[in-house]
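One structure is given here, and the rest of the page talks about it.
Throughout, numbering of the chain's residues begins at 1 and tracks the sequence. Basis for what follows: all heavy atoms, side chains included, without hydrogens, waters or symmetry-related copies.
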Amino acid sequence: MKIDGFEITDDRPVYIIAEGCDNHYGNIKIALEMIVQANLAGANAIKFQHHLPDEEMLPDVPLSDNFDIPLYEFLKKNALRIEEHAELKEYAEKIGITYLCTPFSLKAAIELNEIELAAFKIGSGEMTDIPTIEKIADFGKPMILSTGMCTLDEIDRTNNVLKNKHIEYAFLNCVSEYPPVYSDINIDVLTILKHRYPDVVIGHSDHTPDIWTALGAVALGAKVIEKHFTLSRSMKGPDFEVSLEPDEFKQMVDAIKKINLALGSEKKIYPD
């Protein structure tokens with residue numbers, strides 16, 4: 001699988017995505033600084049979300065336990081416009097980090113396709129929306145799909161659709177709790193996914209508030225790591241509890257690089 005010139009294979013470094021979600025709070029200056037800090041932390045890509053609230057949800061969507069404003073109202077106020085995504089993408093390319101984005105409706109995906117994203121990220125909530133996934137796959141771009149709340153049979157169904165589309169794609173192991181109980185993570189599901197889908201890139205989208213399960217996923221063979229990212233957890237929002245600050249994200253990236261170096265399987269006697 002190749003994204004913006006980066007080849008994701010078993011013998012290459014892990015592809016690391018800083019999931020900026022909506023931690024910019026609709027402020028493009030904050031979003032620009034997030035791009036800078038994600039790049040400095042060593043991420044391969046910065047990812048935001050493209051929300052058209054009236055295309056994706058009803059106004060009376062239930063209130064999240066960890067948030068004091070209905071999501072519909074938050075997105076109406078803080079979602080980036082497609083023109084702003086285009087500006088952010090241009091800036092990311094200028095400083096050398098790939099710009100990715102998640103659409104939460106077909107209309108959002110069509111708009112993102114018009115600004116020529118390198119790849120599409122599909123959130124867990126849309127993993128089983130086969131009609132929309134088929135249309136996004138028809139754009140011919142690589143796709144990265146999270147699998148939170150999906151059964152293996154549901155992942156099979158999406159896999160059967162995508163393998164007939166002749167595009168490159170990845171499945172990310174994911175638990176849709178924010179933050180999750182550690183005993184719910186089950187990162188060895190990665191092993192199951194790798195055996196079940198041998199021709200698909202397998203990775204991990206991590207919602208814990210620290211770095212350790214992401215590192216465990218790398219040790220188990222994850223080739224993509226997606227981790228939530230914020231400039232500061234003091235800026236409370238829908239994802240602040242599970243987001244790493246820049247210094248924490250850099251620590252994770254450095255640790256992943258060291259684990260990559262240590263993942264050889266040859267029993268060898270070294271001169272040292």
Side-chain angles (χ1 to χ4, degrees), residues 16-53 56-57 61 63-92 95 97-104 108 112 117 120-126 144 146 148 172 174-180 204-211 214 224-253:
I16 303 172
I17 302 170
E19 161 62 295
C21 20
D22 295 292
N23 288 337
H24 47 69
Y25 306 96
N27 187 323
I28 196 166
K29 290 183 178 179
I30 293 176
L32 288 166
E33 183 61 21
M34 290 177 71
I35 293 172
V36 170
Q37 294 302 323
N39 189 46
L40 290 173
N44 300 102
I46 177 77
K47 190 187 79 65
F48 291 116
Q49 300 175 355
H50 186 31
H51 290 281
L52 302 172
E56 65 185 74
M57 68 178 70
V61 62
L63 187 67
S64 299
D65 291 338
N66 64 344
F67 202 41
D68 58 4
I69 179 175
L71 184 59
Y72 178 86
E73 293 180 22
F74 177 85
L75 294 175
K76 274 288 193 180
K77 179 180 179 181
N78 296 307
L80 295 171
R81 294 176 288 106
I82 191 62
E83 295 81 9
E84 292 172 314
H85 283 295
E87 180 180 343
L88 293 171
K89 176 178 176 286
E90 181 180 358
Y91 181 73
I95 68 170
I97 185 171
T98 296
Y99 190 83
L100 299 178
C101 199
T102 297
F104 289 85
L112 289 171
L117 285 184
F120 282 93
K121 169 68 204 302
I122 306 300
S124 293
E126 286 64 52
I144 301 172
S146 286
L172 304 187
C174 181
V175 175
S176 297
E177 298 174 8
Y178 292 74
H204 180 69
S205 180
D206 195 270
H207 295 147
T208 63
D210 49 45
I211 70 174
V224 178
I225 291 292
E226 179 185 68
K227 190 74 175 177
H228 285 234
F229 180 73
T230 183
L231 294 181
S232 172
R233 280 188 294 275
S234 66
M235 302 163 59
K236 294 187 177 181
D239 302 294
F240 81 99
E241 288 184 289
V242 302
S243 298
L244 298 183
E245 295 179 350
D247 59 335
E248 297 168 322
F249 201 94
K250 186 178 188 307
Q251 181 189 27
M252 182 191 73
V253 172

(message) Can you tell me how far apart CG (Leu100) and CD1 (Ile144) are? Round to the nearest 0.5 Å.
(response) 6.0 Å
(request) Decide, yes or no, whether a salt bridge links Lys121 with Glu19 under the criterion of side-chain N to carboxylate O below 4.0 Å. (result) no
(request) Heavy atoms only: give me the nearest Leu52-Ala108 pair and the separation to one decimal. (result) CD1-N, 3.6 Å
(request) Quick one: pull up CD1 in Ile46 and OH in Tyr99 and give me the separation to the nearest 0.5 Å. (result) 8.0 Å
(request) Look up atom CD in Glu56 and atom CD in Gln49, then write down how far apart they are to the nearest 0.5 Å. (result) 8.5 Å
(message) Are more than 12 heavy atoms, taken from residues, nucleotides or ligands other than Glu177, located less than 6.0 Å from that residue's CD atom?
(response) yes
(request) Apply side-chain contact (heavy atoms from CB on, under 4.5 Å) to Glu126 and Phe104, showing your working. (result) CA-CA 7 Å; Glu126 286 64 52; Phe104 289 85; 3.4 Å; yes
(message) Quick check: closest heavy atoms across Asn78 and Tyr25, and the distance to 0.1 Å?
(response) OD1-O, 2.9 Å
(request) Looking only at non-hydrogen atoms, find the nearest pair between Asn23 and Ser243 and report the distance. (result) ND2-OG, 3.1 Å
(message) Looking at Ser234, is its backbone amide N or carbonyl O close enough to the side chain of Ser232 to form a donor-acceptor pair, meaning the two atoms are under 3.5 Å apart?
(response) yes
(message) Looking at every non-hydrogen atom in both residues, tell me the closest pair between Val175 and Pro180 and how far apart they are.
(response) CG1-CB, 4.2 Å
(request) Flag the pair Phe229 / Pro246 as yes when at least one side-chain heavy-atom distance between them is below 4.5 Å, and no otherwise. (result) yes
(message) Less than 4.5 Å apart, side chain to side chain, heavy atoms only: is that true for His207 and Cys174?
(response) yes
(message) Quick check: closest heavy atoms across Phe249 and Lys227, and the distance to 0.1 Å?
(response) CE1-O, 3.6 Å
(request) Compare every heavy atom of Ile95 with every heavy atom of Asn39, then report the nearest pair and how far apart it is. (result) ND2-O, 3.4 Å
(request) Please round to the nearest 0.5 Å and tell me the distance separating atom CD of Gln251 and atom CD of Glu248. (result) 7.5 Å
(message) Measuring only between side-chain heavy atoms, which start at C-beta, is His50 closer than 4.5 Å to Ile82?
(response) yes
(request) Check step by step if side-chain contact (heavy atoms from CB on, under 4.5 Å) holds for Thr230 and Asp239. (result) CA-CA 9 Å; Thr230 183; Asp239 302 294; over 6 Å; no
(message) I'd like to check Phe240 versus Met235 (side-chain heavy atoms, cut-off strictly below 4.5 Å). Are they in contact?
(response) no
(request) Kindly compute the distance separating CG (Leu32) from CD (Glu84), expressed to the nearest 0.5 Å. (result) 9.5 Å
(request) Using distance alone, with no hydrogens and no angle criterion, decide if Thr98 and Lys47 have a side-chain donor and acceptor under 3.5 Å apart. (result) no
(message) Distance check, rounded to the nearest 0.5 Å: Leu40 atom CG versus Ile35 atom CD1?
(response) 12.0 Å
